[in-house]
Protein chains: 2
Amino acid sequence: MGTTTDAERRGWTQNPEAVKQDILTVALSEFAENGFSGARVDTIASRTQTSKRMIYYYFGDKLGLYTRALEAAYLKVREGEAQLDLDHLAPQDALARLVSFTFDHHRANPDFIRMVMIENIHKAKHLIASQVIRDLNVAAIDKLTEICRRGQDAGVFREALDPVALHWQISAASFFNVSNRPTFSAIFGDELFEDIGQQTIRRQTVAAILSIACKPETNFPEHE
Amino acid sequence: MGTTTDAERRGWTQNPEAVKQDILTVALSEFAENGFSGARVDTIASRTQTSKRMIYYYFGDKLGLYTRALEAAYLKVREGEAQLDLDHLAPQDALARLVSFTFDHHRANPDFIRMVMIENIHKAKHLIASQVIRDLNVAAIDKLTEICRRGQDAGVFREALDPVALHWQISAASFFNVSNRPTFSAIFGDELFEDIGQQTIRRQTVAAILSIACKPETNFPEHE
DNA sequence: AACAAAATGGACCGTGCGGTACATTATGTC
DNA sequence: GACATAATGTACCGCACGGTCCATTTTGTT
């Protein structure tokens, strides 16, 4: 390797990093849209600035490209989550905030949700194979674990509370809200997925999670 | 049509209905396993007692077969739901029972869940095209609507309660529990999906739904 | 400038797979 | 039994699509 950086390469006739990134971006969108077998390498190639030849040059085969796209989706969404700061809030408020945030964040990242849906169809085969993603994900629950500990120390959360089970509940609502919108709205209409409906759902979800976390006698306030 | 029934045809050399049913059963399992583009018509044919030729004879093309398999999945699962009788229970108990039942029922029908997942990947395109399924689904919420009405009449449920929003909450938990098991357990381990863990999740879910439905002052008992 | 290595272009290939042509046999009707 | 039609078996087709070959240009090193 030389001493040139990516920044220095900018503007050069050849720019491998940009080419890779270009391919990856298009691939993510195409896999998220059509799934692994549904996506077409030729279609991905045609949507890039480069050629099919380069896809195989950099990513080996279709599976290699898919794996990298999946990793890219996880990386992007975890970066977004890292922005959230909850340390200054009381445990109940921090939890309410985390739920609201997760709900909105999933909604803002439909491609990520679709990639996870696709992975689940494949029984998580590729996710399991990717150490990168495994490492990313165990960290995803750190904030929640910390909130649980604080809430228990303060005596407002139940003693038997399991952060993983609580994360399950938060994920279930936030994920389903995006993943199953097509079938749900096809049957019951789209109202729940418009602004007013989403506010209702989110408020209900926050309340439901708090009722699970908090001790029965604790009267928690209404949250936005 | 003649006067012969299906029962009378049993044992005949040719048995069109049985052939169709055979194809449909295999197709459902294969589509649920691999998705629409992932499934192979040749593979379906080979798992059948009959040939690829007959698939095209009865179902036209791959899409036609998929559509019929999707309808079959919905029909089967709705039949199971019809067994449930809640009229003799108090509103809170009926709701708790409905949630528990839905949770277990989804868990017992993974192929159905996978077909719905696949439909969502396809933005519900085929579900929307099938009037059969649309009709089936609007009826799916009848029991819940009736429970809500009874609970409100009895003064134990909130006045602003929306059956569709409540159904959303019940579905989110019950569906996610099956659909996202692969990725979730790949990251956090499989404990929550074993017996003890599932009891915890189900109990939490029932409690969460009741807390959404019931008036704040209502002190509802713990349910199994 | 010379050379190796990295990056790229474009035509091409093999086959998996959705779908069909053409026949023959089984069944219902009179 | 004669006839129409429904049901089925077998062999096959066309091409979409994942993947590669071979050549050429661009870049880094000395």
Side-chain angles (χ1 to χ4, degrees), chain A residues 1-24 26-27 30-31 33-70 118 122 125-126, chain B residues 1-24 26-27 30-31 33-70 118 122 125-126:
Chain A
M1 268 295 167
T3 56
T4 53
T5 68
D6 294 347
E8 289 175 272
R9 301 187 85 113
R10 234 47 38 95
W12 286 20
T13 310
Q14 289 184 184
N15 194 341
E17 290 309 315
V19 168
K20 275 193 250 187
Q21 193 52 55
D22 182 20
I23 293 170
L24 218 45
V26 174
E30 201 67 22
F31 280 124
E33 188 68 21
N34 304 106
F36 179 73
S37 30
R40 300 283 159 249
V41 178
D42 284 308
T43 305
I44 294 172
S46 74
R47 284 183 51 194
T48 61
Q49 304 280 75
T50 177
S51 65
K52 183 160 76 159
R53 176 68 185 77
M54 297 312 292
I55 292 177
Y56 286 95
Y57 183 66
Y58 282 121
F59 299 95
D61 57 9
K62 189 182 184 181
L63 184 58
L65 180 59
Y66 173 86
T67 305
R68 299 290 303 277
L70 182 64
I118 290 161
H122 296 151
K125 187 173 17 168
H126 317 100
Chain B
M1 267 296 163
T3 55
T4 53
T5 68
D6 294 346
E8 288 176 273
R9 300 189 85 113
R10 240 21 68 84
W12 286 21
T13 310
Q14 290 184 181
N15 193 342
E17 291 308 316
V19 168
K20 275 194 251 187
Q21 193 52 54
D22 181 21
I23 294 171
L24 219 44
V26 174
E30 201 67 23
F31 280 124
E33 188 68 20
N34 303 107
F36 178 73
S37 29
R40 300 282 158 249
V41 177
D42 283 307
T43 305
I44 295 172
S46 75
R47 285 185 49 195
T48 295
Q49 304 279 76
T50 177
S51 64
K52 183 160 75 159
R53 174 70 183 75
M54 297 312 292
I55 293 176
Y56 286 96
Y57 182 66
Y58 282 121
F59 299 96
D61 56 10
K62 190 183 184 181
L63 184 58
L65 179 59
Y66 173 85
T67 305
R68 297 290 302 278
L70 181 64
I118 290 160
H122 295 154
K125 188 174 17 169
H126 317 100

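Letters A, B, ... mirror the listed sequences (proteins, then strands); counts begin at 1.
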Length of the line joining [X]:[atom1] and [N]:[atom2], which is rounded to integer Å:
X	N	atom1	atom2	value
M54(B)	dC22(C)	CE	P	19 Å
Q49(A)	dG9(C)	CD	P	11 Å
I55(B)	dG9(D)	CD1	P	12 Å
F59(B)	dG18(C)	CZ	C1'	16 Å

Study note, to complete from the structure: 5' to 3', nucleotides 10-21 of chain D under a 4.0 Å protein heavy-atom cut-off (B base, S sugar-phosphate only, - none) gives B------SBBBB
Check your understanding: Can you tell me if T48(A) uses its side chain to pair, donor with acceptor, with the backbone of T50(A) under 3.5 Å?
Key -> yes
Exercise for review: Without swapping roles, check the side chain of T43(A) against the backbone of A39(A) for a donor-acceptor pair under 3.5 Å.
Suggested key: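 Checked: no pair found.
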Would you say the side chain of [Y] lies within less than 4.5 Å of the side chain of [X], judging by non-hydrogen atoms?
X	Y	value
I118(B)	F31(B)	no
L63(A)	F36(A)	yes
L24(B)	K20(B)	no

Review point. When L65(A) is tested against each of L70(A), V41(A), I44(A) for side-chain contact (heavy atoms from CB on, under 4.5 Å), which residue passes?
Key: I44(A)
Review point. Looking at T50(B), does any N or O in its side chain come under 4.0 Å of the phosphate oxygens OP1/OP2 on dG9(D)?
Key: yes
Review point. Y57(A) side chain: which of dG9(D), dA6(C), dA7(D) is closest?
Key: dA6(C)
